[in-house]
Protein chains: 2
Amino acid sequence: MAAVTGETPRTRIQQENRERILKAALDMFSRTGYRGTTLDQIAAAAGMSKPNMLYYFRTKEELYRSVLQETLEDWLTPFAKLDPDGDPSAELGAYISAKLAHARINPKASRLFANEILQGAPLLEKTLKGRLKDLVEEKSKAIRAWIAAGKMVPIEPLHLIYMIWAATQHYADFETQMDALEGTEPGTREKRFENAERTLFTVLFNGLKPR
Amino acid sequence: MAAVTGETPRTRIQQENRERILKAALDMFSRTGYRGTTLDQIAAAAGMSKPNMLYYFRTKEELYRSVLQETLEDWLTPFAKLDPDGDPSAELGAYISAKLAHARINPKASRLFANEILQGAPLLEKTLKGRLKDLVEEKSKAIRAWIAAGKMVPIEPLHLIYMIWAATQHYADFETQMDALEGTEPGTREKRFENAERTLFTVLFNGLKPR
DNA sequence: TTTAATCTTGATCGATTGGTCAAACTTGTC
DNA sequence: GACAAGTTTGACCAATCGATCAAGATTAAA
């Protein structure tokens, strides 16, 4: 099994099949979570047999961890890019846009993350209390500096961050509800994200701007 | 079985045990969803045997539907109360407060709802496209009237509604993440909700108020 | 073309899961 | 207290689930 997990380069088939499996796993785990998803379901979605899939990922948990690790990196990257030396409108605007783009392009990653949190985040505790906490403290400090410079109304930075996370992720996580309310005709989702960005920019920028 | 499902009044034991089971089911289903939760887990949490529990709720699905029905009523009630003839600040303020109170008092109900939506809302489709959609259209009309009367900046009503749902429910649904970031010392959660309300009021009211 | 390495999968396994059932126990009513 | 109604549960069941294994098929390298 060294070729599968060690330093040896992966074969063509391994690369292809791992990608297929990871994608299928994301599709499935994002809907019904770890316990509620079966290996047979993922294998079927990946277009292979269950033992074949287990040739590449030895256990269900190993597969889940791999998928979750990828989605976590996607989640953390835009947040890390928030520049404390920049202008609040520009920085927050860029972050909101990046989060909405993520919600649009990869809603299942967002839903996987939400699912893991709902389940008590057993596999994320270390990251939440480590990297994420550090990032949150760093960005909170930046927000405080913006407030002190009179560029923003006085508010709790942590809760502004929560507000942005909530407002943007909601478009991925509650997509089913939104589809039910708005219908699923062609163009509806695109229009939804245009309206989302416009609304969030209007309310948040107007709301944060001193009077 | 007539005594359990018909018009006959429920016995003392039936009332007590049903409540116990429903509470245990909410605790469990809100974390791992329908498929990921086992009847044994719920029965253990309710302090009884699985067959005993199945004496009161014939199947897993019947139990799940009962819990979900209760949580849905809790979800819809505050929204229905939004008065179109009232003042935007007062009405939205009351709604936000009610939603935050719900997130604080009954986070598991919120999480059950989120879980059901993540799973594609198989049991909620009728309500989402019916009652909720009707309510959303009614409240959107009210918001449009507020905008026309110059009481609010021009924005898409639907997306303001999403924003409020997202910002408030997040405190229940992502509680695990917040606990990880903020710690769980006594008083932390109470303080969190005070800050939540203050921040949401500041940003949303300031944001919606014309300049 | 040969051979070694890699990949695929039907059959199988032990454990788990949603249920069923009948006997024993408990509660309610007269 | 007697008896009917209601409640509880150990034992059991078929199906499902995460996994294992060995044999056959395919791919890669020489």
Side-chain angles (χ1 to χ4, degrees), chain A residues 1-29 31-68 119 122-123, chain B residues 1-29 31-68 119 122-123:
Chain A
M1 284 304 230
V4 176
T5 62
E7 309 294 338
T8 319
R10 289 190 170 131
T11 66
R12 173 187 65 90
I13 293 179
Q14 281 171 10
Q15 290 213 33
E16 290 183 0
N17 284 354
R18 281 181 66 94
E19 286 308 308
R20 262 167 66 208
I21 297 166
L22 288 169
K23 182 178 180 303
L26 175 61
D27 284 355
M28 299 287 126
F29 281 136
R31 178 181 278 258
T32 39
Y34 178 71
R35 260 209 51 99
T37 304
T38 68
L39 290 173
D40 272 320
Q41 285 174 321
I42 300 171
M48 65 176 73
S49 70
K50 184 174 56 167
N52 191 194
M53 186 175 72
L54 289 171
Y55 174 76
Y56 295 96
F57 294 90
R58 221 180 52 258
T59 62
K60 186 180 184 180
E61 183 170 332
E62 183 183 313
L63 177 56
Y64 184 72
R65 282 175 182 272
S66 296
V67 182
L68 193 59
Q119 285 173 45
L123 301 184
Chain B
M1 285 306 233
V4 175
T5 63
E7 309 295 336
T8 317
R10 288 190 172 134
T11 66
R12 172 187 67 90
I13 294 180
Q14 282 171 7
Q15 290 213 32
E16 291 183 358
N17 284 353
R18 281 181 66 93
E19 286 309 307
R20 262 167 66 206
I21 296 166
L22 287 169
K23 182 178 181 305
L26 175 61
D27 285 356
M28 299 288 127
F29 282 136
R31 178 182 278 257
T32 40
Y34 178 71
R35 260 208 53 98
T37 303
T38 67
L39 289 173
D40 272 321
Q41 286 173 319
I42 301 172
M48 64 177 74
S49 70
K50 182 176 59 170
N52 191 191
M53 184 175 73
L54 290 171
Y55 173 76
Y56 295 96
F57 295 89
R58 222 177 52 257
T59 62
K60 186 180 182 181
E61 181 169 334
E62 184 183 314
L63 177 56
Y64 184 72
R65 281 175 182 273
S66 296
V67 182
L68 193 59
Q119 285 173 42
L123 301 184

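The sequence lines fix the lettering, A, B, ..., with proteins before strands; numbering per chain opens at 1.
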Asker: Which is true for Thr38(A) with a 4.0 Å heavy-atom rule: it touches a base, it touches only sugar-phosphate, or it touches nothing?
Answerer: sugar-phosphate
Asker: Taking the side chain as everything from C-beta on, heavy atoms only, tell me whether Phe57(B) gets closer than 4.5 Å to Leu22(B).
Answerer: yes
Asker: Does dT9(D) have its OP1 or OP2 closer than 4.0 Å to a side-chain nitrogen or oxygen of Asn52(B)?
Answerer: yes
Asker: Rounded to whole angstroms, how far apart are CZ on Arg18(B) and C1' on dG6(D)?
Answerer: 15 Å
Asker: Nearest whole angstrom, please: distance from the C1' of dC17(D) to the CD of Gln41(A).
Answerer: 11 Å
Asker: Rounded to the nearest Å, what distance is computed from the CG atom of residue Asp40(A) to the C1' atom of nucleotide dT9(C)?
Answerer: 13 Å
Asker: Calculate the interatomic distance between Leu63(B) atom CG and dT17(C) atom P; express it in whole Å.
Answerer: 16 Å
Asker: dG18(D), dT8(D), dA11(D): which one has an atom nearest the side-chain heavy atoms of Lys60(A)?
Answerer: dG18(D)
Asker: Salt bridge (charged side-chain N to carboxylate O under 4.0 Å, His left out) with Glu16(B): which of Arg20(B), Arg12(B), Arg18(B)?
Answerer: Arg12(B)
Asker: Is any side-chain N or O of Thr11(B) closer than 4.0 Å to OP1 or OP2 of dT7(D)?
Answerer: yes
Asker: Has Tyr55(B) got a side-chain N or O lying under 4.0 Å from the OP1 or OP2 atom of dT8(D)?
Answerer: no
Asker: I'd like to know if Arg31(B) and Asp27(B) make a salt bridge, using a cut-off of under 4.0 Å between side-chain N and carboxylate O.
Answerer: no
Asker: Within a strict 4.5 Å, meaning less than it, do heavy atoms of the Thr37(A) and Tyr64(A) side chains meet?
Answerer: no
Asker: Any side-chain N or O of Asn17(B) under 4.0 Å from OP1/OP2 of dT8(D)?
Answerer: yes
Asker: Starting from the 5' end of DNA chain D, give me the residue, Met53(B) or Leu39(A), whose nearest nucleotide shows up first.
Answerer: Met53(B)
Asker: Assuming nearest nucleotide by heavy-atom distance, tell me which of Pro51(A) and Arg35(A) is located more 5' along DNA chain C.
Answerer: Pro51(A)
Asker: For Arg12(B) and for Lys50(A), find the nucleotide of DNA chain C with the closest heavy atom, then tell me which residue's nucleotide is more 5'.
Answerer: Lys50(A)
Asker: For Ile13(B) and dT9(D), give me the distance from atom CD1 to atom P, rounded to whole Å.
Answerer: 11 Å
Asker: Provide, to the nearest angstrom, the distance between the CD atom belonging to Gln15(B) and the P atom belonging to dT27(C).
Answerer: 17 Å
Asker: For dT7(D), does OP1 or OP2 lie under 4.0 Å from any side-chain N or O of Gln14(B)?
Answerer: yes
Asker: Measure CD1/Ile21(B) against P/dG18(C) and give the value in whole Å, please.
Answerer: 15 Å
Asker: Rounded off to whole Å, could you give me the CG-to-C1' distance for the Leu54(A) and dG18(D) pair?
Answerer: 8 Å
Asker: Between Arg65(B) and Glu61(B), is there a salt bridge with N-O shorter than 4.0 Å?
Answerer: yes
Asker: Taking OP1 and OP2 of dG18(D), is either one under 4.0 Å from a side-chain nitrogen or oxygen of Thr59(A)?
Answerer: no
